[in-house]
Amino acid sequence: QVQLVESGGGLVQAGDSLSLSCAVSGRTFSTLTMAWFHRAPGKERKFIAAISWGSGNTYYADSVKGRFTISRDNAKNTVFLQMNSLKPEDTAVYYCAADNADLRTVVRAPTWRLFRSWGQGTQVNVSS
């Protein structure tokens, strides 16, 4: 079982940057694929980015390519989401997720249904 705890959300203005963290504990990480999703009010969880813990390979939703960066720190057992050039439409609750599904599986179908472990979420509000 994997435990995930997100942090780093807050209120920012359009164009600002924000970094989210996800502390991971509970099992061996090398086989995990980690991901970030967000959920805007009244909408389903939407894929943002994923990273293979073992290889470091990444995959992004088109809406965030060039603005967001997912990374991991092996020594700290933490996954990060650096968000730049934030827009009001980025306003949502951001969730960290983990599963032992291969990153290639996520690329084929980047859906929240693939992931079995979730954090509690952190709110990000971007004002215009």
Side-chain angles (χ1 to χ4, degrees):
Q1 187 71 16
V2 178
Q3 290 78 47
L4 308 174
V5 179
E6 303 97 335
S7 61
L11 173 63
V12 297
Q13 293 186 331
D16 285 351
S17 297
L18 200 61
S19 181
L20 305 182
S21 300
C22 174
V24 185
S25 61
R27 57 154 287 179
T28 302
F29 309 135
S30 61
T31 59
L32 289 177
T33 294
M34 305 294 302
W36 287 94
F37 288 77
H38 76 194
R39 180 163 59 191
K43 297 188 177 181
E44 195 173 76
R45 272 172 284 187
K46 181 180 175 182
F47 172 79
I48 297 297
I51 186 168
S52 168
W53 196 286
S55 68
N57 291 335
T58 59
Y59 176 64
Y60 295 92
D62 288 343
S63 61
V64 304
K65 279 181 183 176
R67 297 192 300 127
F68 291 10
T69 302
I70 187 172
S71 62
R72 89 270 194 244
D73 185 323
N74 291 341
K76 295 181 179 179
N77 294 338
T78 301
V79 176
F80 303 97
L81 184 68
Q82 176 65 40
M83 305 185 292
N84 299 328
S85 302
L86 282 161
K87 304 175 181 180
E89 52 263 43
D90 294 320
T91 293
V93 178
Y94 282 72
Y95 297 92
C96 179
D99 200 84
N100 56 14
D102 188 87
L103 181 63
R104 291 169 293 183
T105 301
V106 178
V107 171
R108 284 194 293 268
T111 170
W112 61 268
R113 295 174 178 82
L114 283 176
F115 291 84
R116 286 172 283 186
S117 298
W118 292 86
Q120 81 286 354
T122 185
Q123 179 71 47
V124 172
N125 291 306
V126 184
S127 64
S128 58

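The figures here come from the full heavy-atom set of this structure, side chains too, leaving out hydrogens, waters and symmetry mates. Small disclaimer: the values here were computed from a predicted structure and weren't measured.
Contact detail for Gln82 and Ser19: the closest heavy-atom pair is OE1-CB, 3.4 Å. Ser85 and Arg67 make their closest contact through O-NH1, 3.0 Å (heavy atoms, listed as atom of the first residue, atom of the second, distance). Here the shortest heavy-atom pairing between Ser21 and Trp36 reads O-CH2, 3.7 Å. For the residue pair Val2 and Ala98, the shortest heavy atom distance occurs at CG1-CB, 4.3 Å. Counting all heavy atoms, side chain and backbone alike, Ala14 lies closest to Ser128 at CB-CA, 4.3 Å.
Residues satisfying the ring-ring contact (aromatic ring centres under 6.0 Å, His included) criterion with Tyr95, sequence neighbours excluded, are absent altogether. With sequence neighbours excluded, no residue forms a salt bridge (Lys or Arg N to Asp or Glu O under 4.0 Å) with Arg108. With sequence neighbours excluded, the residues forming a side-chain contact (heavy atoms from CB on, under 4.5 Å) with Val5 are Gln120, listed by chain and number. Listed by chain and residue number, Arg104 satisfy the salt bridge (Lys or Arg N to Asp or Glu O under 4.0 Å) test with Asp102 (two or more places apart in sequence, or in another chain).
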Less than 3.5 Å apart, which donor and acceptor atoms pair up between the side chains of residues 45-52 and the rest of the protein, not counting sequence neighbours?
| unit_1 | atom_1 | unit_2 | atom_2 | d |
| --- | --- | --- | --- | --- |
| Ser52 | OG | Ser55 | N | 3.4 |
| Ser52 | OG | Ser55 | OG | 3.1 |

List the atom pairs, donor and acceptor, that lie under 3.5 Å between side-chain atoms in residues 73-80 and the rest of the protein, sequence neighbours left out.
| unit_1 | atom_1 | unit_2 | atom_2 | d |
| --- | --- | --- | --- | --- |
| Asp73 | OD1 | Ala75 | N | 3.0 |
| Asp73 | OD1 | Lys76 | N | 3.1 |
| Asn74 | OD1 | Trp53 | NE1 | 2.9 |
| Thr78 | OG1 | Lys76 | O | 2.8 |

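Leu81 and Trp118 fall into different hydrophobic clusters, defined by Ile, Leu, Val, Met, Phe, Trp and Tyr side-chain heavy atoms under 4.5 Å apart, directly or through other members. Residue Tyr94 is not grouped with residue Phe115 when hydrophobic side chains (ILVMFWY) are merged at heavy-atom distances under 4.5 angstrom, including chains of intermediate members. The hydrophobic cluster containing Met83 also contains Val126, counting ILVMFWY residues as joined when their side-chain heavy atoms lie under 4.5 angstrom apart, directly or transitively. There is no path of hydrophobic side-chain contacts, each under 4.5 Å, that joins Val64 to Tyr59. Under the 4.5 Å side-chain heavy-atom criterion for Ile, Leu, Val, Met, Phe, Trp and Tyr, Leu86 and Tyr60 are members of the same hydrophobic cluster.
Using modelled atom types and a 3.5 Å distance limit, the side chains of Ser17 and Asn84 yield a donor-acceptor pair.
The distance from atom SG of Cys22 to atom CD of Gln3, rounded to the nearest 0.5 Å, is 11.0 Å.
Salt bridge annotation for Lys87-Asp90: absent, with no cationic side-chain nitrogen under 4.0 angstrom from a carboxylate oxygen.
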Problem - Candidate pair Arg39 and Trp112, rule side chain to side chain contact (heavy atoms under 4.5 Å, CB included), full reasoning - result: CA-CA 11 Å; Arg39 180 163 59 191; Trp112 61 268; over 6 Å; no
Exercise for the section: Just do the side chain to side chain contact (heavy atoms under 4.5 Å, CB included) check on Gln123 and Thr91 with the steps written out, would you? Expected result: CA-CA 8 Å; Gln123 179 71 47; Thr91 293; 4.2 Å; yes
Practice task
Output, in order, the C-alpha distance, side-chain angles, deciding distance and verdict of side chain to side chain contact (heavy atoms under 4.5 Å, CB included) for Leu20 and Glu6.
Solution key: CA-CA 7 Å; Leu20 305 182; Glu6 303 97 335; over 6 Å; no
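Among the candidates Asn100, Leu114, Asp99, Thr33, the single residue satisfying the side-chain contact (heavy atoms from CB on, under 4.5 Å) test with Thr105 is Leu114.
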